[in-house]
Undergrad: 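Sharing a structure with you now.
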Amino acid sequence: MQELSVIVYGRDVQGHLADCLDSVTGQLPEGAELVVAAVDDPAPTADVPGRVTVLALPGALSDEEARAAGGERASGEWLLFVHAKDRVPPGALRALRDRIEGLPDGAERVDVVLADQVHSTWHASGIPGPDARLLARAGDRDLALADCPDLLRVTPLLGNRALRAAFWRDHRDQLAATDERFAARAALVLAGRVTALQQVVLDERRLRAASLPPLTPEEYYAPVGEYEDLQRLMAGRGTPAGPRAVLYDVMATECMRIVARAAMPEPVGREFFRRASRAAVAWRPEGYRRPAGLEGIRRRLLEEDAYSRYRAFQSVNHKRRGLKSAVRQRKRRIGAKVRDHRYRRELRRPVDPYLAVFSAYWDRGMACNPAAIAAKVAELAPRIHQVWVVSAAHAPLLPPGTDHVVPGSRRYWEVMARAAYLVNNVNFPNAVVKRPEAVHVMTHHGTPLKRMGLDQIEYPTASKGLNFRQLLARVDKWDYSVTSNSHSTRTWERAYPAHYVPLEYGYPRNDVFYRATAADIRAVRDRLGIAPGRRAVLYAPTHRDYEASWTPRLDLATLAERLGDDTVLLVRGHYFYGGAASPLAELRRSGRVVDVSTYDPVEDLCLAADVLVTDYSSIMFDYANLDRPIVVYADDWEMYAKTRGVYFELIAEAPGPVARTQDELTEILTAGAWRDEASGKARAAFRRRFCEFDDGHAAERVVRRVFLGESDASLPPVIPVDERIPAPTPEEAARR
């Protein structure tokens with residue numbers, strides 16, 4: 001018996017079946033099969049001998065009947081139903097199989113594995129949905145629906161949930177030849193246990209409405225009937241109040257959305273409203289309270305079957321929103337005119353040759369390369385007055401006495417207009433004018449593994465509507481681009497084509513990796529509570545564009561247990577998630593896991609760590625300067641590479657051993673492979689390539705060239721990689 005059966009079912013809508021089959025056959029893992037239950041007997045586009053079954057189905061069959069036929073023919077213990085118009089993203093089947101293999105057996109066994117999905121349209125692909133937050137809240141636990149009823153809000157598709165075959169057959173009346181939306185939610189209601197997978201396993205293709213036949217009245221009314229059938233199913237099974245209340249809320253919300261947005265003929269709209277009203281009254285949970293505000297008014301009108309009053313309310317509300325919008329736009333225009341007048345007035349004043357503006361990470365505070373340059377400016381060019389651009393939320397975290405401005409304030413525009421130097425590791429806003437006399441230094445904030453700039457055009461999941469023309473307009477303001485290796489120089493020139501001058505000086509933030517002393521390292525470890533002799537493992541994963549929130553991809557409690565009492569895990573969530581590593585809350589108390597997501601600077605964490613575990617984060621390029629072990633945990637490399645785009649094959653060119661599963665990672669960290677001879681050789685090759693210009697003098701070179709006007713010939717020469725002496729390891733620091 002196969003462990004997983006993927007059933008591709010339904011009609012070949014608009015010629016997308018071949019795409020769907022390619023997406024499956026190109027990644028079908030060992031122990032999996034493909035059942036093609038598409039109408040009109042198509043053939044797979046790839047040859048996977050012995051693992052593909054093609055059903056000859058007559059053209060008169062519906063999608064539901066084709067799905068049922070495919071499920072009956074499948075031999076797997078688990079079933080994944082994928083509609084013929086949709087696709088399975090790279091790496092998804094492997095991740096699903098691995099999750100299934102780790103599930104417990106027994107009376108409380110899991111019946112449904114619920115995963116994430118993206119969707120594509122005719123003009124965009126890989127668009128993330130809202131489900132990632134719901135799945136992250138559920139975590140990796142095996143739970144009953146009553147424990148996390150909000151899972152009923154996950155997009156109701158069968159392609160984003162795998163079903164245990166025995167469970168599917170036990171409930172074939174509700175799951176087999178029924179509407180997909182009903183079957184998807186019914187599976188959660190009927191399941192004994194459910195678990196969530198923090199991975200995208202489906203790319204749903206949403207077809208243009210104009211390309212589809214118009215809906216019949218009964219098709220418009222169908223959602224109301226489906227929700228009522230689900231409520232009857234829940235009532236018959238004695239489902240607890242929590243899931244029933246969530247389903248009721250989902251039903252009411254969707255019905256109101258359909259009334260507001262669907263272009264139904266007037267008689268159909270009135271009848272839909274009547275049916276929705278009847279359902280809203282019949283299934284309203286005891287003690288249920290309507291939402292506050294306008295939504296509450298809409299719900300009351302629905303329950304009263306007040307269709308005419310609802311339409312009148314809708315019309316008035318549209319007019320009210322239009323008036324409010326007009327008032328807001330007028331205020332914004334007036335405010336913009338006043339601001340623009342003041343800014344233009346300041347731009348007519350002379351540039352202040354001793355004024356420098358610094359910013360980092362979208363105004364989050366003093367950090368990264370700009371902070372290292374600012375410190376060296378204070379040492380070598382003390383006449384330069386420094387002003388930091390910091391958001392109001394982060395301003396209280398600045399060192400006392402730091403001169404700063406809040407974006408948008410009156411003084412902000414004054415200093416932006418008159419500063420002779422603009423230093424940032426990201427771009428300044430479009431409205432900032434680059435004066436000819438001013439110097440703009442782009443420091444960047446990492447060596448690129450993932451695609452950047454114009455190279456993101458082919459990866460819409462990553463670019464997310466980025467305006468590339470505006471991006472190039474911002475790039476045109478750069479005078480200098482700081483790089484730490486030739487790979488970065490070449491990448492920036494292609495991704496950000498403009499007339500700036502590359503400064504191949506190294507990253508100033510990495511200077512500390514050659515200048516820190518044993519006392520510095522002991523002090524950092526003391527601040528972090530790492531006792532002498534304990535091994536510190538820094539786990540620093542990167543952001544994924546297909547995930548809305550951060551959930552650690554490792555079972556940190558189990559990993560800490562396996563590594564033992566002499567190891568402490570320093571876990572740093574990506575700054576895109578606001579440093580809110582909430583999944584770690586329960587682990588902090590153990591002393592083996594330390595949440596350092598909000599600890600700054602990150603360079604301190606690198607100095608404190610004996611080994612770095614990361615996935616695709618640029619921290620690996622910086623940490624390599626320390627010449628300490630690096631382990632790559634690449635459980636979803638194929639998915640990441642496909643959705644984000646990458647510049648090189650990390651798995652083949654990694655700075656150390658690569659783990660694809662938690663068990664492999666644990667073995668590497670416990671058996672010594674993390675620091676063996678092979679690991680050292682891989683790291684040496686990686687350092688020669690990516691630590692090319694980092695030698696402890698980068699900030700000095702930048703300041704002397706940009707702020708003091710010295711020539712390249714007078715700058716400190718770059719020390720060859722093999723001749724550099726990094727900061728001592730924690731083990732060495734403890735002995736000194």
Side-chain angles (χ1 to χ4, degrees), residues 351-360 366-389 416 418-428 432 434-448 474-493 496-515 603 621-622 625 690-721 723-724:
V351 166
D352 184 343
Y354 301 112
L355 178 60
V357 172
F358 293 85
S359 183
M366 298 177 68
C368 192
N369 292 314
I373 293 172
K376 189 58 68 171
V377 167
E379 176 187 336
L380 299 180
R383 294 182 302 171
I384 302 293
H385 179 71
Q386 302 180 23
V387 178
W388 279 85
V389 180
M416 296 306 296
R418 301 198 60 210
Y421 304 96
L422 304 171
V423 183
N424 206 337
N425 67 356
V426 295
N427 278 305
F428 286 102
V432 172
K434 166 62 169 58
R435 300 180 67 170
E437 310 96 308
V439 176
H440 188 318
V441 182
M442 165 54 72
T443 73
H444 305 281
H445 54 276
T447 291
R474 294 190 292 270
V475 172
D476 285 339
K477 300 174 185 178
W478 302 357
D479 292 292
Y480 297 107
S481 168
V482 180
T483 74
S484 58
N485 48 64
S486 299
H487 161 76
S488 295
T489 304
R490 293 191 300 269
T491 299
W492 301 145
E493 288 175 347
Y496 304 119
H499 291 293
Y500 54 81
V501 176
L503 298 182
E504 294 184 315
Y505 294 167
Y507 272 168
R509 70 182 183 190
N510 291 341
D511 286 353
V512 68
F513 296 145
Y514 296 95
R515 296 183 173 274
E603 290 78 25
F621 302 97
D622 304 315
N625 282 286
F690 295 113
C691 300
E692 190 176 358
F693 308 131
D694 288 332
D695 64 353
H697 299 280
E700 180 181 355
R701 283 189 281 265
V702 171
V703 173
R704 290 191 181 280
R705 171 68 186 276
V706 175
F707 291 84
L708 300 180
E710 298 181 11
S711 66
D712 277 342
S714 66
L715 304 183
V718 175
I719 301 171
V721 174
E723 297 178 17
R724 299 173 197 164

Undergrad: Distance-only check: which donor-acceptor pairs under 3.5 Å involve side-chain atoms of residues 378-389, not counting sequence neighbours?
TA:
{"residue": "E379", "atom": "OE1", "partner": "K376", "partner atom": "NZ", "Å": "3.2"}
{"residue": "H385", "atom": "NE2", "partner": "D403", "partner atom": "OD2", "Å": "2.6"}
{"residue": "Q386", "atom": "NE2", "partner": "A374", "partner atom": "O", "Å": "2.8"}

Undergrad: Taking only residues two or more places apart in sequence or in another chain, which ones pass salt bridge (charged side-chain N to carboxylate O under 4.0 Å, His left out) with D695?
TA: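 Testing D695 for salt bridge (charged side-chain N to carboxylate O under 4.0 Å, His left out), a comparison that skips the adjacent residues, returns R701.
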Undergrad: Rounded to the nearest 0.5 Å, how far apart are CZ of F428 and NZ of K434?
TA: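 Here the interatomic distance stands at 11.5 Å.
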Undergrad: Would you please say whether a donor-acceptor pair under 3.5 Å links the side chains of R515 and H697?
TA: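 Judged by distance alone, the side chains do pair up.
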Undergrad: Side-chain contact, heavy-atom cut-off 4.5 Å: W478 with N427?
TA: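 Yes - at least one pair of side-chain heavy atoms lies under 4.5 Å apart.
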Undergrad: Heavy-atom distance under 4.5 Å between the side chains of T443 and P508, does that happen here?
TA: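 A side-chain contact under 4.5 Å is absent here.
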Undergrad: Which heavy-atom pair separates R705 from E710 by the least distance, and what is that distance?
TA: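 Where R705 meets E710 most closely, the heavy atoms are CD-O, 3.3 Å.
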Undergrad: For the aromatic rings, using the six-membered ring if either is Trp, is the centroid distance between W492 and Y500 under 6.0 Å?
TA: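 When the ring centroids of W492 and Y500 are compared, they turn out to be at least 6.0 Å apart.
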Undergrad: Quick check for you: to the nearest 0.5 Å, what is the distance between F513 atom CZ and D622 atom CG?
TA: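 Those atoms lie 6.0 Å apart.
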Undergrad: Which value, rounded to the nearest 0.5 Å, describes the distance between H440 atom NE2 and N424 atom CG?
TA: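 These two atoms lie 6.5 Å from each other.
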Undergrad: How would you list, by chain and number, every residue that makes a side chain to side chain contact (heavy atoms under 4.5 Å, CB included) with E692, sequence neighbours excluded?
TA: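 Partners of E692 under the side chain to side chain contact (heavy atoms under 4.5 Å, CB included) test: N485, S486.
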Undergrad: Can you name the side chain to side chain contact (heavy atoms under 4.5 Å, CB included) partners of D476, sequence neighbours left out?
TA: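 Applying side chain to side chain contact (heavy atoms under 4.5 Å, CB included) to D476 gives A498.
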Undergrad: According to side-chain hydrogen bond (donor to acceptor under 3.5 Å, both in side chains), who are the partners of N369, at least two apart in sequence or on a separate chain?
TA: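 Per chain and number, N369 pairs via side-chain hydrogen bond (donor to acceptor under 3.5 Å, both in side chains) with no residue.
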Undergrad: I need the Y507 OH to S488 OG distance, nearest 0.5 Å.
TA: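 So the gap between those two atoms works out to 5.0 Å.
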Undergrad: Looking at side-chain heavy atoms only, is the closest gap between I373 and V703 below 4.5 Å?
TA: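 Touching, per the 4.5 Å side-chain cut-off.
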Undergrad: With a 3.5 Å cut-off and no angle check, do the side chains of D712 and Y505 form a donor-acceptor pair?
TA: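 Note: D712 and Y505 side chains meet the donor-acceptor criterion.
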Undergrad: Do T483 and H444 get their side chains close enough for a donor-acceptor pair, meaning under 3.5 Å?
TA: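 Checked: T483/H444 side chains show no N/O donor-acceptor pair below 3.5 Å.
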Undergrad: Could you tell me which non-hydrogen atom of D479 sits nearest to which non-hydrogen atom of A438, and how far apart they are?
TA: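 Answer, listing the atom of D479 first, then A438: OD2-O, 3.5 Å.
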Undergrad: Nearest 0.5 Å, what's the CG-CZ distance between D694 and F621?
TA: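 Atom-to-atom, D694:CG and F621:CZ are 12.0 Å apart.
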Undergrad: If I take atom CZ from residue F358 and atom OH from residue Y421, how far apart are they, to the nearest 0.5 angstrom?
TA: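 The distance works out to 10.0 Å.
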Undergrad: Taking only residues two or more places apart in sequence or in another chain, which ones pass side chain to side chain contact (heavy atoms under 4.5 Å, CB included) with P353?
TA: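 P353 satisfies side chain to side chain contact (heavy atoms under 4.5 Å, CB included) with no other residue.
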Undergrad: Kindly indicate, with the supporting measurements, whether the criterion side chain to side chain contact (heavy atoms under 4.5 Å, CB included) is fulfilled by R474 and V426.
TA: CA-CA 10 Å; R474 294 190 292 270; V426 295; over 6 Å; no
Undergrad: On a heavy-atom basis, which atom in D511 and which in A698 lie closest, and how many Å separate them?
TA: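 Result for this residue pair: OD1-N, 3.0 Å.
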Undergrad: Below 4.5 Å, heavy atoms only, C-beta onward: do L422 and M416 meet side chain to side chain?
TA: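 Side-chain contact under 4.5 Å: yes.
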Undergrad: Considering all heavy atoms of both residues, which atom of P448 and which atom of T491 are nearest to each other, and what is their separation?
TA: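 Closest heavy-atom pair between P448 and T491: CG-CG2, 3.7 Å.
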Undergrad: Are L503 and V706 close enough that some pair of their side-chain heavy atoms sits under 4.5 Å apart?
TA: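 In short, these two side chains touch, coming nearer than 4.5 Å.
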Undergrad: Nearest heavy-atom pair of V482 and G506: which atoms, and what distance?
TA: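 That would be CG1-O, 3.4 Å.
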Undergrad: Might you point out which heavy atoms bring D352 and A420 nearest each other, and give the distance in Å?
TA: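 What the structure gives for the nearest pair is O-CB, 3.1 Å.
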Undergrad: Do the side chains of M442 and Y496 get nearer than 4.5 Å, heavy atoms only?
TA: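 With C-beta onward as the side chain, the pair stays apart.
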